[in-house]
Amino acid sequence: MGHHMKTLLCALIWAIAAQAVQVQAQAQDRGERYALTPDRCHPPRSDTTSSNNGDGRSGLAPARAAGGADNGGPPDNGFPPPARLDAHGQQLASPPEPPRPRAEQGQCVKSCEAGYAMVMDDRQQQWCQRIKPKAIRMSVPSELKPEGIDASFTRTRQQKKKDKNGEQKITPRLSPPAPNPSKLLPWQGYVVVTVVGADDKPLAGQSIKITHTVEEDSGGHTKAKHGKRPPLADLFVGKQRITDERGEVVAPATTDGAGQVKLIFSASELAGVHRIKAECVRDACGEQTATINVKVLDLERYVPDSAIAREDGAGAAEKHAQRHYLSKAAAQNLEKLIEAMSEAKWGIVRVNDAGLPWGGLFDIDGDWLPSHFDHSAGTAVDLHSKTIAVDTKAGVYRGLCSTSKDPEDSEALSKRLPNTKILWHRGKAEHFHVYLIGADPTGRPANCRDEADKPKPAKPKKG
Ligand SMILES: [Zn+2]
Ligand SMILES: [Zn+2]
């Protein structure tokens with residue numbers, strides 16, 4: 001490596017290290033202003049033989065003498081301008097200075113901590129004064145998928161489970177895994193808040209208040225049928241979660257050297273309209289509100305052919321009025337399946353729950369908790385089978401699911417619908433849970449399964 005390269009590398013490493021120190025320093029609150037300490041100043045130039053600038057960080061040219069009363073001007077000591085940034089991560093900029101009036105005055109390092117600018121009072125005393133924020137901006141992803149769509153995940157949110165005595169219990173919320181910033185999941189995206197100071201530069205060290213809400217009645221979950229507020233998304237700074245179980249922000253968010261707070265928004269399993277509001281904690285800087293729609297795109301209302309099928313449901317007890325939404329591919333397969341069922345003398349096919357208008361967790365009881373598993377992508381539907389003759393429903397199941405070469409199955413439905421799979425739920429609430437495109441919402445392949453078959457698989461899927 002040539003000497004030049006080494007020098008360049010060293011300078012780069014120094015610059016990065018200095019930046020890191022500054023970023024750490026920004027957390028320190030110095031009040032409205034603080035005085036530059038004397039040890040940051042040089043003796044007059046005539047007395048010094050060293051070009052060390054006195055802060056022990058480098059031998060680069062010192063900033064100009066303490067003459068001008070401004071926000072830090074360019075050096076005028078004959079050296080080239082220092083190749084480093086000020087404490088805000090910005091190149092210092094100011095109008096050209098008149099020649100230094102008093103050469104005998106000490107030379108001071110003109111650098112304030114992040115969020116401060118240099119000023120001088122009537123008595124020629126230099127201060128680092130807090131820069132007031134002027135404006136706040138925010139960028140968000142406009143759309144994200146609900147958690148658990150199109151990528152595998154471990155459910156950490158509350159859910160209902162039966163204990164040993166068969167009683168239903170709600171499991172506690174577990175700590176969610178930290179996002180991987182280099183590989184965000186389909187339900188994760190960056191929320192970037194930027195604060196600009198009165199000097200029109202990105203302003204570091206600003207505490208930001210983030211408020212996060214979900215719009216009432218959004219995502220197909222009406223307030224009237226749900227009661228409590230919906231769970232919010234998790235917000236992370238890097239790998240640290242800054243929100244509590246309820247989604248309230250509990251840790252401070254402070255702008256970095258680039259004047260930014262970079263958050264990762266990790267949606268819950270529920271679809272809805274999320275609003276993020278950002279404002280400065282200490283000084284007014286305006287406020288910004290942005291909207292993130294957590295939804296499965298392009299779901300359409302499925303309307304069954306009234307000659308052979310009809311919508312079914314729990315009537316007045318139903319928590320979701322809109323619950324027959326499917327993707328186009330899923331709807332086409334459902335149409336074919338219903339036609340085949342009709343041919344098999346099923347009678348009017350009763351189409352129960354499919355998906356909500358924006359997909360996401362279908363909380364059948366209106367309590368934001370998983371109950372209807374695998375209905376969140378608009379690719380599954382429940383078909384009533386309880387009152388249908390056993391031979392009829394077994395015929396449809398076999399037709400779609402049998403892998404035998406039995407000629408009786410030659411007209412097999414599986415040829416017309418190679419991807420559609422049935423989970424035949426037995427028992428009190430018997431029905432066909434149909435994976436219309438042969439996969440669960442995470443994208444994992446789903447297979448046919450008849451709960452009457454023995455032995456039961458080790459890991460039963462719920463529909
Ligand atoms: Zn709901
Ligand atoms: Zn189901």
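Whatever order the structure lists ligands and atoms in, that order sets their numbers, starting from 1. Residue indices begin at 1 and follow the sequence shown.
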Near-ring test Phe373/His433, centroid separation under 6.0 angstrom: no
Residues forming a ring pair (Phe, Tyr, Trp, His ring centres under 6.0 Å) with Tyr325, sequence neighbours excluded: none
Which residues share a ring pair (Phe, Tyr, Trp, His ring centres under 6.0 Å) with Trp346, sequence neighbours left out: Phe432
Heteroatom of His433 nearest to the Zn ion (ligand 2) (N, O or S, atom name): ND1
Donor-acceptor contact below 3.5 Å, side chain Gln188 vs main chain Leu185: yes
Contacts of Arg173 that satisfy side-chain hydrogen bond (donor to acceptor under 3.5 Å, both in side chains) - sequence neighbours left out: Thr156, Asp234
Val351 and Asp312: CA distance, side-chain angles, deciding distance, side-chain contact (heavy atoms from CB on, under 4.5 Å) verdict: CA-CA 5 Å; Val351 182; Asp312 202 12; 5.7 Å; no
N, O or S atom within Asp382 nearest to the Zn ion (ligand 2), by name: OD1
His431 and Trp424 aromatic centres sub-6.0 Å: no
Sub-2.8 Å protein N, O or S atoms surrounding the Zn ion (ligand 1): His221 ND1, His226 NE2, His320 NE2, Asp363 OD1, Asp363 OD2
Short N/O/S contact of Asp353 with the Zn ion (ligand 2) (below 2.8 Å): no
Any N, O or S atom of His425 closer than 2.8 Å to the Zn ion (ligand 2): no
The Zn ion (ligand 2) reached by His372 (N, O or S, under 2.8 Å): no
Neighbour count >12 (heavy atoms, 6.0 Å) for atom NZ, Lys209: no
